[in-house]
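Structure first, then comments.
Hydrogens, waters and symmetry mates play no part in the numbers below; they use all other heavy atoms, side chains included. Chain A is the first sequence line, chain B the second, and so forth, proteins listed ahead of strands; every chain is numbered from 1.
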Amino acid sequence: SSPQQLSEEAARKRELRLLKNRDAAKECRRKKKEYVKCLENRVAVLENQNKTLIEELKALKELYCQQEG
Amino acid sequence: SSPQQLSEEAARKRELRLLKNRDAAKECRRKKKEYVKCLENRVAVLENQNKTLIEELKALKELYCQQEG
Amino acid sequence: MSFSAIMANPRKFSEKIALHNQKQAEETAAFEAILRDVSAATRPPQKQHLQLSQNITTQYRAGSLPNVNQMANNPGPINLQTAL
Amino acid sequence: MSFSAIMANPRKFSEKIALHNQKQAEETAAFEAILRDVSAATRPPQKQHLQLSQNITTQYRAGSLPNVNQMANNPGPINLQTAL
DNA sequence: TCTGGCTGACGTCAGCCCAT
DNA sequence: ATGGGCTGACGTCAGCCAGA
């Protein structure tokens, strides 16, 4: 094993590692973007549920007060 | 204005632009991180509010049914 | 104890998304359940057409309206089961 | 129309954060209001101490909201369940 | 119109954590 | 303990757009 082959092997090792990390970074960014959209969508859903619950609670409170008084 | 001064001026222009964009990228990443934490906090708050609202709605419904029937 | 604390804040984005989807599913179920109970308790004498409401409910899980921006970017429903 | 659509999804992160904080403040106000009304309608004879809720509201109003990650790691005495 | 401020996306380095 | 998978953070390039 000459030093020439060693340096070539190391270079190919490094190149392969960079390539894999490159694709991993792409997928990671994609997943992160999807996660942020998931959070925003979840916020919107919870927001609408919150509004609906408040309206329902208000209506039921009115019915309760009307029936009580 | 010799070509030597022109190239130096262009190089300093580029270097200054890179420096400013570098700091801008830092601040942008910081703001994005803060935004994601803001979303997570908001999700947690809305989650607890919805749980509380559901519990309150359930209790009020029980009172309403009890008083009605 | 530490188990819940660890799984409550995973490192991978896929696990975070899965956790949020799971929580959202549970919360939506509880939300629809309490809404149905309240509607049933409030208006028992009236016979109403809740068939339409049921269809809409099954179409969009919660009472939330569809997000226009995300619908433009996402052509189809993303299933995170295969992502894990 | 287009104004609301544009401002509803700003580009800068600062504007997004500001928008979310504003919405959260309004929703929290409506939440505490309806909770107070329901409590007042449910238990009129009892005089209760709602001073705690008021303090927490003024505590996290203009500043940063409690960090969830730190709350998961730190067994702090303040949790959102009892706070709300 | 056209530049400067922010942001999206990329590739790279460093580091953590889990499976081996 | 050691390697490999993911992710945090950095610097750079390209592009959008409100404001000069």
Let me know the distance between NZ of C/Lys12 and P of F/dG8, rounded to the nearest Å. 11 Å
Taking the side chain as every heavy atom from C-beta outward, state whether B/Glu56 and D/Ser39 have any atom pair closer than 4.5 Å. yes
Between B/Val45 and B/Arg42, is there a side-chain heavy-atom distance shorter than 4.5 Å? no
Value in whole Å for how far the P atom of E/dT7 lies from CD of B/Glu34: 11 Å
Which nucleotide in the list F/dC13, F/dT7, E/dT12 gets nearest to the side chain of A/Arg14? E/dT12
DNA chain F: 5'-proximal contact among B/Leu19 and A/Lys32 (nearest heavy atom): A/Lys32
Measure from the side chain of A/Arg22, starting at C-beta and using heavy atoms only, and say which of E/dG8, E/dT12, E/dT7 lies closest. E/dT12
By nearest atom, which of the nucleotides F/dC6, E/dC13, F/dG11 is closest to the A/Leu18 side chain? E/dC13
Using atom NZ of A/Lys26 as one end and atom C1' of F/dC6 as the other, report the distance to the nearest whole Å. 16 Å
In whole angstrom, give the distance that lies between atom OH of B/Tyr35 and atom P of E/dC6. 18 Å
Decide yes or no for B/Arg17 and B/Arg14: does some side-chain heavy atom of the first lie under 4.5 Å from some side-chain heavy atom of the second? yes
Base, sugar-phosphate or nothing for B/Lys31? Non-hydrogen atoms, less than 4.0 Å. nothing
Can B/Gln49 and D/Thr28 be said to form a side chain to side chain donor-acceptor pair (under 3.5 Å), step by step? CA-CA 8 Å; B/Gln49 288 185 359; D/Thr28 299; 3.3 Å; yes
Please give, in whole Å, the distance from E/dC6 C1' to B/Arg17 CZ? 15 Å
Given that B/Lys33 and B/Ala25 both sit by DNA chain F, which one's nearest nucleotide is further toward the 5' end? B/Lys33
Between C1' of E/dC6 and CD of D/Glu15, the distance in whole Å: 10 Å
Quick one: A/Glu27 CD to E/dG11 P, roughly how many Å, whole number? 13 Å
Rounded to the nearest angstrom, tell me the gap between atom CG in B/Leu16 and atom P in E/dT3. 16 Å
What nucleotide among F/dG8, E/dC6, F/dC6 has an atom nearest to a side-chain atom of B/Asn21? E/dC6
Testing E/dC6, F/dA9, F/dG8 for proximity to the side chain of B/Arg29, the answer is F/dA9
Would a 4.5 Å heavy-atom cut-off, applied to side chains only, mark B/Lys33 and B/Arg30 as touching? no
Listed nucleotide nearest any side-chain atom of C/Arg11, set F/dC6, F/dT12, E/dG5: F/dC6
